[in-house]
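All residue numbers in this chain count up from 1 along the given sequence. What you see below is based on every heavy atom in this structure, not just the backbone, and it leaves out hydrogens, waters and symmetry mates.
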Amino acid sequence: MPVICINPTTETEAQIVNKLSLQNQDLRLFISNKINEKYIEKLNGKKAIGDISDDTHISTACRGAFCGVFFENNETDIFIEAIKESGLKRVIWVSENEETKETLGLKNLIYIKHNEYKGVEEKILDLESQETVEYGLIDLNT
């Protein structure tokens with residue numbers, strides 16, 4: 001089923017995206033138009049480049065995808081609105097930040113809380129491949 005990754009900006013996130021592309025033949029990306037072109041080129045998947053600070057751009061890019069992987073990087077409010085409008089059936093939110101009630105209240109959300117991405121790649125690959133999952137908080141720091 002189609003997967004979209006929103007806001008991959010780090011080398012670790014690029015590695016996660018590229019591993020995900022091996023598992024899912026319909027991988028899409030929404031990337032900020034402020035990201036270095038060389039970084040964008042090395043990402044696998046169908047790329048849409050636009051304004052990451054505009055929730056309507058994100059929600060539009062998500063149309064037709066089943067699962068969305070959101071790399072937070074301090075885009076909380078924008079992501080919340082985009083997710084509400086996206087129609088995604090599964091949302092994987094990846095963050096080092098404390099979760100909020102508003103974020104955890106989103107429908108079909110799995111919040112992966114981590115420290116320096118330890119365990120994130122394996123968890124995303126596992127969750128994306130499952131037919132059914134449990135929603136809520138997964139704290140990889142414990």
Closest approach of I4 and A61, non-hydrogen atoms and distance? CD1-O, 3.3 Å
In terms of side-chain geometry, is the basic nitrogen of K42 or E11 positioned less than 4.0 Å from the acidic oxygen of its partner? yes
For the residue pair P8 and I16, establish whether any side-chain heavy-atom pair is separated by less than 4.5 Å. no
Any salt bridge between R90 and E128, counting N to O under 4.0 Å? no
Is the ring pair H57/F30 parallel, tilted or perpendicular, if the boundaries are 30 and 60 degrees? perpendicular
Indicate whether any N or O donor in one side chain lies under 3.5 Å from an N or O acceptor in the other, for N141 and N115. no
Under the 3.5 angstrom rule, does the side chain of Y39 hit a backbone N or O of T10 as a donor-acceptor pair? yes
What are the two closest non-hydrogen atoms of V3 and V69, and how far apart are they? CG1-CG2, 4.2 Å
Would you call K113-E96 a salt bridge at under 4.0 Å N-O? no
Identify the heavy atoms of I138 and I110 that sit nearest to each other, and give their distance. CD1-CG2, 3.6 Å
Check D51 with K34, please: is the shortest side-chain N to carboxylate O separation under 4.0 Å? no
Verify whether one side chain among S95 and E72 offers a donor that lies under 3.5 Å from an acceptor in the other. yes
